[in-house]
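What's counted below: heavy atoms across the whole structure, side chains too, no hydrogens, waters or symmetry copies. Every number for a ligand or one of its atoms is a count from 1 in the order of the listing.
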Amino acid sequence: MRGGTVAVVGGSIAGCALASAAARAGADEVVVLERTHGRLADRGLGLCIHDGRAAELAATGALPTGIAAHRLTRRSWVVRDDTAAGPAGRVFWEQPFLFHSYHWGLLWRGLRAATPASVVYRQGAAVTGVAGAGERAEVRLAQGTTEAFDLVVGADGYRSVVREAVCPESRPAYAGYVCWRGNFDARRLESLGDGGWSPESVTTVCFAGGSCVVYRIPGPDGPRVNWVLYAMPPQTGRLPFNDPTSFPPGQVTEELTAHLGALLDREFPPYWAQVIALTDPADTFVQPIYDLETARTTAGRLLLAGDAATVVRPHNTSGAAKALQDATAFEDAWRRAGTWDELLHAYQAARGAAGRELVALARRLGRGQVEQPPVWATMDRREAESWWQGQLGGAADIGGQAMTP
Ligand SMILES: Cc1cc2nc3c(=O)[nH]c(=O)nc-3n(C[C@H](O)[C@H](O)[C@H](O)COP(=O)(O)OP(=O)(O)OC[C@H]3O[C@@H](n4cnc5c(N)ncnc54)[C@H](O)[C@@H]3O)c2cc1C
């Protein structure tokens with residue numbers, strides 16, 4: 001099928017990838033409607049993409065070449081041990097971790113730069129509603145105008161307006177815990193001297209009631225250290241975690257900052273507590289963990305991709321890869337389809353179940369690493385390996401599923 005007009009609501013990771021896919025597949029007109037103004041570069045920190053997924057996505061063109069990425073090879077699981085281990089704690093397990101880490105802003109810029117010139121990328125275009133019955137789909141913009149297209153793609157993230165029309169019954173569900181996130185210039189590590197730092201390793205610090213991953217990412221001005229710490233928030237009832245909005249950098253409350261400090265003192269090996277403490281308050285933020293699954297990814301002439309279709313808890317390390325896989329499946333469905341209906345059916349068949357399986361796996365990982373963790377203090381390699389297999393529950397690995405088995 002060739003020709004046709006497509007609007008993509010949201011111009012982030014999924015939006016750029018889906019717009020590029022539509023243009024490559026032969027759409028006459030592709031318009032991205034992104035509500036923010038200026039660069040989207042500051043809204044995320046580090047993320048990782050599994051090497052197997054990245055190779056597949058590079059081969060299909062969904063992951064452009066030349067985007068800065070840092071190679072990781074292993075994951076060290078560490079627990080505080082005041083009796084025998086040194087300040088970096090006891091490493092109870094090392095597992096292979098074949099991922100590359102990315103800086104969100106640099107990944108977005110690479111995807112945006114690779115978007116074909118024919119794609120019209122409109123900023124300051126906030127969509128307030130969509131309708132997709134019949135042969136056309138309509139978007140309503142905040143300024144009050146309505147525009148019609150052959151297809152509207154919802155790539156508008158976890159609070160998707162398009163999802164409201166496709167799957168109004170789906171609501172983000174709070175996992176009951178939050179993450180503190182931060183990042184800083186990796187040169188600051190020099191002030192700590194020799195410790196447990198290894199640039200190719202992801203370190204997972206385990207403690208009663210949570211865990212924290214720390215790893216190196218590329219950055220616009222050189223390597224950075226990125227960390228994500230999952231734990232219950234203070235149980236004071238004062239924190240509004242009834243929607244997935246985060247406390248952005250510089251706006252984390254004193255209560256949340258104090259809670260993090262106490263947790264580091266009490267639970268962390270001293271070296272890793274010092275690493276986290278190298279972060280400026282202005283580069284720290286707190287985000288409640290939510291997830292969401294949808295019964296369908298298409299309805300009428302509407303289609304969902306990326307976090308608009310499925311929000312997976314981050315333990316799975318799969319969100320960006322899944323968004324780019326959605327773009328690959330969309331392009332593939334388009335090229336094989338003779339009609340819009342065939343395209344929409346093929347996309348739903350390829351992506352519907354994949355999203356739900358990722359949500360289920362990430363819930364198991366969240367339960368095992370935050371809600372009901374094992375007794376880390378006594379764990380050894382053998383126990384850890386068998387615990388991990390239980391977490392996977394038959395899945396091949398974290399990082400998302402292979403597109404070609
Ligand atoms: C703590 C954490 C760690 C993570 N770690 C990883 C990791 O290691 N690996 C990984 O692969 N993924 C990770 N992810 C997930 C990953 O960041 C996302 O899954 C991925 O970026 C896909 O995002 P998206 O483009 O679908 O949505 P978003 O990035 O949310 O983009 C949605 C876009 O739509 C725009 N928009 C929204 N509403 C409207 C509207 N009404 N009108 C117009 N525009 C609109 C927004 O401004 C935004 O630009 C992590 C997520 C979190 C929270």
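With hydrogens and angles left out, the side-chain atoms of R351 and Q325 include a donor and acceptor closer than 3.5 Å. Side-chain N/O atoms of N226 and Y215 include a donor and acceptor closer than 3.5 Å. A donor-acceptor contact closer than 3.5 angstrom links the side chains of E34 and T36. No side-chain donor from either of R296 and Q348 sits under 3.5 Å from a side-chain acceptor of the other. Side-chain atoms of E200 and T73 form no donor-acceptor pair, as typed in the model, at a separation below 3.5 Å. Of the N and O atoms on the side chains of T328 and T60, at least one donor lies less than 3.5 Å from an acceptor on the other residue.
For ligand 1, the atoms closer than 4.0 angstrom to any heavy atom of I13 are 21 (O), 25 (O). Listed by atom number, the atoms of ligand 1 under 4.0 Å from A155 heavy atoms are 32 (C), 33 (C), 34 (O). Within the listing of ligand 1, atoms 42 (N), 43 (C) sit less than 4.0 angstrom from a heavy atom of A125. Residue contact check: L33 has heavy atoms under 4.0 Å from atoms 43 (C), 44 (N) of ligand 1. Counting the atoms of ligand 1 from 1 in the order shown, those under 4.0 Å from a heavy atom of V9 are 42 (N), 43 (C). Counting the atoms of ligand 1 from 1 in the order shown, those under 4.0 Å from a heavy atom of V161 are 41 (N). For ligand 1, the atoms sitting less than 4.0 Å from at least one non-hydrogen atom of A126 are 42 (N), numbered in the order shown with element in parentheses. Within ligand 1, the atoms closer than 4.0 Å to a non-hydrogen atom of G306 are 26 (O), numbered from 1 in the order shown.
The shortest N or O to N or O distance between V127 and ligand 1 is below 3.5 Å. For the pair A320 and ligand 1, the shortest N or O to N or O distance falls below 3.5 Å. The distance criterion of under 3.5 Å between nitrogen or oxygen atoms is not met by C179 with respect to ligand 1. Every N/O-N/O distance between Y230 and ligand 1 stays at or above 3.5 Å.
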Query - Check against side chain to side chain donor-acceptor pair (under 3.5 Å), R75 and T204 - result: CA-CA 7 Å; R75 180 177 189 175; T204 300; 2.8 Å; yes
**Report entry** Test log, rule salt bridge (Lys or Arg N to Asp or Glu O under 4.0 Å), inputs E371 and R313
**Finding:** CA-CA 13 Å; E371 295 169 87; R313 298 188 198 181; 3.1 Å; yes
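Heavy-atom proximity to atom 19 (O) of ligand 1, evaluated over D307, L304, V139, is greatest for D307. Nearest-residue assignment for atom 15 (C) of ligand 1 (options C16, G399, A321, G319; heavy-atom criterion): G319. The heavy atom nearest to atom 36 (N) of ligand 1, out of those in R140, Q287, R35, is found in R35.
The closest approach between a heavy atom of A142 and any atom of ligand 1 is not below 4.0 Å.
Taking the six-membered ring for Trp, W77 and W388 have ring centres closer than 6.0 Å.
Residue contacts with ligand 1, taken as heavy atom pairs separated by less than 4.0 Å, involve R181 solely via side-chain atoms from C-beta onward.
Relative orientation of the H259 and W180 rings is parallel, given thresholds of 30° and 60° on the angle between their planes.
Taking the ring centre of F92 as origin, the terminal cationic atom of R381 falls outside the region bounded by 6.0 Å and 45° from the ring axis.
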